[in-house]
Amino acid sequence: MSAIDMQSRPSESTPEPTLGSTLAPSLSPSRRAWLRFRANKRGLWSLRIFLVLFALSLVAELLSNDKPLLVNFQGQTYFPMLKDYPESTFGGDFATPADYLDPYIQEQLEKGSNWVIYAPNRYAANTLNYFAPSPNPAAPSATNWLGTDDRGRDVAARLLYGFRVSVLFGLALTAIGVVIGIILGAIQGYFAGRVDLTLQRVIEIWGSVPELYLLIILASIFEPGLGILLAILSLFGWMGLSDYVRAEFLRNRSLEYVTAARALGLPNSTIIWRHVLPNSLTPVIAFLPFRMSGSILALTSLDFLGLGVPPTTPSLGELLAQGKSNLDAWWISLSTFSVLVLTLMLLIFIGEALRDALDTRRG
């Protein structure tokens, strides 16, 4: 064998680079976390299903509404969902807002060349059908897919709008709790010492305040509403998260990059915001779905006890209370319980997938 052939042939002792060995070092930590999350099929599909359900609830007015989406009457185009029209506009006798569930108005809208586009479900959250053929609460039928409650309101519409209210409330309460928990946990963990001890005692005292009794007292003083509930629950919803943030800051404050930043003369605010906080968000992100599920469950529980939103506001807890009061109307409890369990189950699966994705010990 010539020397030229020996030089052109690759060495047998040096292995050729594989695809995994070439790509693995180039992946960023966020990319690796996403790949670990995507590998969890249950968490990935739970996230997809939850996002689809939440997106549908955001356009609930297009899916469930007692007003038509579009009306073409005698050559004129109307948008009843955006504007109220009197009954006389569509051939009625009165100047009051048109009731589009009235058989006479429906006949006028569909007469001749007129045409109308309805929402898939022809009921809104607080629609009362005065022309219903069955007494309330009515069992599921082609008209009311999931039946009606004891006031004649469509259960499917109440569930759709109530799901949106619950998720938006959970997002707001989680966001406020995360902000407060991060701020207080960061101050405790970074400065430690007397600051940490003082805040720990304050948190212990504040945590001993009976939250339920406070809600009962305030509910008797103020009119129930989402704003009051959000303000009260936000006062207590940050304490569990602040402990995790405090532990992360206590661990990271003694690492070399923090010591180097202090030696360079960077202010504490810059070190906390740009260096320590990004490396301490793992428990915050991992616990977000669990905190959100807890917020939804808290709102449902308070509504069930009558301490939540006003009766006109669609709520899962109010539907559960109606199911308890009307045990023979099984469709109210069954449908509401199914929606609540599905929502909490999806959030728990998403939280488990996030926890595994942020675990760097996994491949």
Next on the checklist: Taking the side chain as everything from C-beta on, heavy atoms only, tell me whether Ser315 gets closer than 4.5 Å to Thr313.
Outcome noted: no
Checklist entry - Can you find a pair of side-chain heavy atoms, one from Ser46 and one from Ile49, that are under 4.5 Å apart? => result no
Item to check | Under 3.5 Å: donor-acceptor pair, side chain of Gln108, backbone of Gly92 | outcome: no
Checklist entry - Does anything in residues 232-252 pair up under salt bridge (charged side-chain N to carboxylate O under 4.0 Å, His left out), and if so which pairs, sequence neighbours excluded? => result Asp196-Arg246, Glu248-Arg251
Next on the checklist: Checking one residue: Ile348. Which other hydrophobic residues are in its cluster under the side-chain 4.5 Å linking rule?
Outcome noted: Tyr244, Phe287, Phe290
Next on the checklist: Could you check whether any side-chain N or O of Gln322 sits under 3.5 Å from a backbone N or O of Asp150, counting only pairs where one atom can act as donor and the other as acceptor?
Outcome noted: yes
Checklist entry - Mind checking what makes salt bridge (charged side-chain N to carboxylate O under 4.0 Å, His left out) contact with Glu204, not counting sequence neighbours? => result Arg201
Next on the checklist: Just to verify, what does Arg164 make a salt bridge (charged side-chain N to carboxylate O under 4.0 Å, His left out) with, not counting sequence neighbours?
Outcome noted: Glu61
Item to check | Phe337 atom CZ: more than 12 heavy-atom contacts under 6.0 Å | outcome: no
Between side-chain atoms of residues 259-273 and protein atoms elsewhere (two or more places apart, or another chain), which donor-acceptor pairs fall under 3.5 Å?
from: Thr259; atom 1: OG1; to: Leu255; atom 2: O; distance (Å): 3.2
from: Arg262; atom 1: NE; to: Tyr190; atom 2: OH; distance (Å): 3.4
from: Asn268; atom 1: OD1; to: Tyr190; atom 2: OH; distance (Å): 2.9

Next on the checklist: Looking at Ser333 and Trp330, would you say the former's side chain and the latter's main chain have a donor-acceptor pair under 3.5 Å?
Outcome noted: no
Next on the checklist: Just to verify, what does Arg42 make a salt bridge (charged side-chain N to carboxylate O under 4.0 Å, His left out) with, not counting sequence neighbours?
Outcome noted: Glu352
Checklist outcome for this item: residues 170-185 vs salt bridge (charged side-chain N to carboxylate O under 4.0 Å, His left out), sequence neighbours excluded, gives none
Item to check | Joint cluster assignment, Leu277 & Val245, ILVMFWY side-chain distance < 4.5 Å | outcome: yes
Checklist entry - Can you check whether Ile332's main-chain N or O pairs, donor with acceptor, with Thr336's side chain at less than 3.5 Å? => result yes
Item to check | Side-chain touch Tyr85/Pro97, heavy atoms, less than 4.5 angstrom | outcome: no
Checklist outcome for this item: When every non-hydrogen atom of Ala192 is compared with those of Leu250, the smallest separation belongs to CB-CD2, 4.0 Å
Checklist outcome for this item: Under a side-chain separation threshold of 4.5 Å, the hydrophobic residues clustered together with Leu327 are none
Next on the checklist: So which atom in Pro314 and which in Tyr161 form the shortest heavy-atom distance, rounded to 0.1 Å?
Outcome noted: CG-CB, 3.5 Å
Item to check | Between CD1 on residue Ile350 and CE on residue Met345, distance to nearest 0.5 Å | outcome: 11.0 Å
Item to check | Pairwise side-chain contact, Phe90 with Leu109, heavy-atom cut-off 4.5 Å (strictly under) | outcome: yes
Checklist entry - Okay, side chain of Asp149, backbone of Gly152: is any donor-acceptor separation there less than 3.5 Å? => result yes
Item to check | side-chain hydrogen bond (donor to acceptor under 3.5 Å, both in side chains) contacts in which one or both residues fall within residues 109-131, not counting sequence neighbours | outcome: Ser64-Asn121, Asp66-Thr127, Asn121-Asp154, Tyr123-Asn129, Asn126-Arg158
Checklist entry - Does Leu320 reach the side chain of Leu340, with side-chain heavy atoms less than 4.5 Å apart? => result yes
Checklist entry - Is the closest side-chain heavy-atom distance between Phe94 and Pro86 below 4.5 Å? => result no
Checklist outcome for this item: When rounded to the nearest 0.5 Å, the distance separating CG of Leu69 from CD1 of Ile117 is 7.0 Å
Next on the checklist: Hydrophobic clustering (ILVMFWY, side-chain heavy atoms < 4.5 Å, transitive) - are Val339 and Leu160 grouped together?
Outcome noted: no
Do any side-chain atoms of residues 165-185 form donor-acceptor pairs under 3.5 angstrom with protein atoms, and if so which ones, sequence neighbours left out?
from: Ser166; atom 1: OG; to: Gly162; atom 2: O; distance (Å): 2.9
from: Thr174; atom 1: OG1; to: Gly170; atom 2: O; distance (Å): 2.6

Checklist outcome for this item: Here the salt bridge (charged side-chain N to carboxylate O under 4.0 Å, His left out) pairs for residues 80-105, sequence neighbours left out, are Lys67-Asp84
Item to check | Heavy-atom side-chain proximity of Val284 to Leu241 below 4.5 angstrom | outcome: yes
Checklist entry - Would you call Thr343 and Ile296 a side-chain contact if the rule is heavy atoms closer than 4.5 Å? => result yes
Checklist entry - Excluding sequence neighbours, so at least two apart, what forms ring pair (Phe, Tyr, Trp, His ring centres under 6.0 Å) with Trp206? => result Phe236
Next on the checklist: Using the rule that Ile, Leu, Val, Met, Phe, Trp and Tyr join whenever any side-chain heavy atoms are under 4.5 Å apart, tell me whether Trp145 and Leu159 fall into a single cluster.
Outcome noted: no
Checklist entry - What closest approach, in Å, do Ala286 and Leu358 show between heavy atoms, and which atom pair accounts for it? => result N-CD1, 3.9 Å
Item to check | Sidechain-backbone polar pair: Trp331 side chain, Thr148 backbone, donor-acceptor under 3.5 Å | outcome: yes
Checklist outcome for this item: Interatomic distance, CG@Leu233 vs CG@Leu299, rounded to 0.5 Å, equals 8.0 Å
